[in-house]
Amino acid sequence: MILASINHKGGTGKTIIAQNLAVCYAHAGAKVCIIDADPSQNSMRWFDARGDREPRIPVFSNSSHRTIRRTIEDLYSNEDYDTIIIDSPPTLERIAEEIIKVSHLVLIPITPTGGNDIWSTEQIAEEIESISKEKNQVIPSYFIINRLQPKLKVHQMFTAALEEHSKAYDIGILKSRLNLRTVVGKANLYGEGVYENNDKKATTEMVNLANEVQAIFEKL
Ligand SMILES: Nc1ncnc2c1ncn2[C@@H]1O[C@H](COP(=O)(O)OP(=O)(O)OP(=O)(O)O)[C@@H](O)[C@H]1O
Ligand SMILES: [Mg+2]
């Protein structure tokens with residue numbers, strides 16, 4: 001399965017989600033790699049921080065719209081990797097189009113901070129819609145609500161507003177949500193995922209997310 005973690009809005013959790021899904025799938029025995037398509041190279045740095053830790057999760061850097069699709073298709077068709085997760089840059093340039101085109105599933109992390117988070121997804125939703133039309137095939141796409149604080153009234157209101165908003169597009173909202181948790185940043189700093197950090201709640205959330213995504217893929 002080829003997954004895009006993408007949103008042209010910055011700081012929504014694209015990198016954290018790519019890394020944590022990779023860790024969950026790798027521990028479940030999948031042959032996983034990450035493609036770091038962001039010139040800021042956060043996932044490459046995470047790979048360095050990970051060092052010799054098992055399971056090994058290779059991270060390949062490719063932020064070129066000319067070659068990224070070919071690189072990913074080759075890695076996937078040679079059966080070197082059965083799970084490829086793309087950590088995308090915060091942009092809607094050509095690279096985003098190529099990432100959406102090569103992916104089986106598009107995951108759009110979104111933070112529940114305010115209206116701007118919702119409104120700024122309109123462009124990526126339109127981009128996905130236009131690529132789907134071009135391919136004559138709907139590209140399965142889902143929002144992932146990240147950094148949620150479920151007791152905050154504004155976050156509850158946000159979730160309701162996103163549900164309304166997503167009806168206008170062919171984009172679902174994953175049932176699995178990720179709460180704001182300090183262990184997320186700690187794991188990231190040491191080249192790990194929350195799965196590797198003895199935090200039961202955070203691990204359960206992440207495993208639920210990984211399972212939900214896998215189940216959607218298997219039904220495609
Ligand atoms: N669920 C979470 N709980 C706590 N902190 C989080 C969570 N998700 C992300 N963060 C933190 O939020 C910040 C932004 O996350 P991340 O780098 O994954 O976003 P991004 O979308 O990849 O950003 P960019 O657009 O710059 O590439 C990071 O400091 C990360 O550690
Ligand atoms: Mg990032």
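Counting starts at 1 for both ligands and their atoms, in listed order.
- Within the 4.5 Å cutoff, no side-chain heavy atoms of L162 are placed close to those of T159.
- For ligand 1, one of its N or O atoms has an N or O atom of N146 under 3.5 Å away.
- Note: no N/O pair closer than 3.5 Å links N188 and ligand 1 by distance alone.
- For atom 28 (C) of ligand 1, the nearest protein heavy atom is 4.0 Å or more away.
- If you check each of I16, L148, T182 against atom 31 (O) of ligand 1, the one with the closest non-hydrogen atom is I16.
- Both the backbone and the side chain of L180 come within 4.0 Å of ligand 1, judged by heavy-atom distances.
- Looking at E97 and H65, their side chains never bring a donor and an acceptor atom within 3.5 Å of each other.
- The protein non-hydrogen atom at the shortest distance from atom 4 (C) of ligand 1 is R181 O, 3.1 Å.
- Comparing R177, R147, K9 against atom 10 (N) of ligand 1, the shortest heavy-atom distance belongs to R147.
- Of all protein heavy atoms, the one lying nearest to atom 23 (O) of ligand 1 is G11 N, 3.0 Å.
- The shortest N or O to N or O distance between V184 and ligand 1 is not under 3.5 Å.
- A donor-acceptor pair shorter than 3.5 Å can be found between the side chains of T111 and D117.
- Residue E134 qualifies as enclosed at atom CD: its count of foreign heavy atoms under 6.0 Å is above 12.
- Nearest protein heavy-atom neighbour of atom 17 (O) of ligand 1: T15 CB, 4.1 Å.
- Close N/O approach between G13 and ligand 1 is found [any backbone or side-chain N/O within under 3.5 Å].
- If you check the side chains of Q19 and N188, you find a donor sitting under 3.5 Å from an acceptor.
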- Message: Show, in sequence, the C-alpha distance, side-chain angles and deciding distance for D38 and T15, and conclude whether the side-chain hydrogen bond (donor to acceptor under 3.5 Å, both in side chains) test is met.
- Response: CA-CA 9 Å; D38 188 344; T15 300; 5.2 Å; no
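- For N146 (side chain) and P109 (main-chain N/O), no donor-acceptor pair under 3.5 Å exists by modelled atom type.
- On a distance-only criterion, K14 and ligand 1 share at least one N/O pair closer than 3.5 Å.
- The proximity of N179 to ligand 1, defined as any non-hydrogen pair under 4.0 Å, is limited to the backbone.
- For H155 against Q149, the heavy-atom pair with the smallest separation is ND1-N, 2.8 Å.
- The atoms of ligand 1 that sit less than 4.0 Å from any heavy atom of G10 are 25 (O).
- Look at N42 and you'll find every heavy atom at least 4.0 Å from all atoms of ligand 1.
- Of the heavy atoms in D38, only side-chain atoms (C-beta onward) come closer than 4.0 Å to ligand 1.
- Side-chain contact between L3 and I86 is absent, with no heavy-atom pair separated by less than 4.5 Å.
- In this structure the side chain of V102 reaches within 4.5 angstrom of the side chain of I72, judged on heavy atoms.
- Annotation: R69, atom CZ; neighbour count of heavy atoms from other residues, nucleotides and ligands within 6.0 Å is above 12.
- For ligand 1, the atoms sitting less than 4.0 Å from at least one non-hydrogen atom of T12 are 19 (O), 20 (P), 21 (O), numbered in the order shown with element in parentheses.
- Because the distance cut-off is set at 2.8 Å, T15 qualifies as a neighbour of the Mg ion (ligand 2) through one of its N, O or S atoms.
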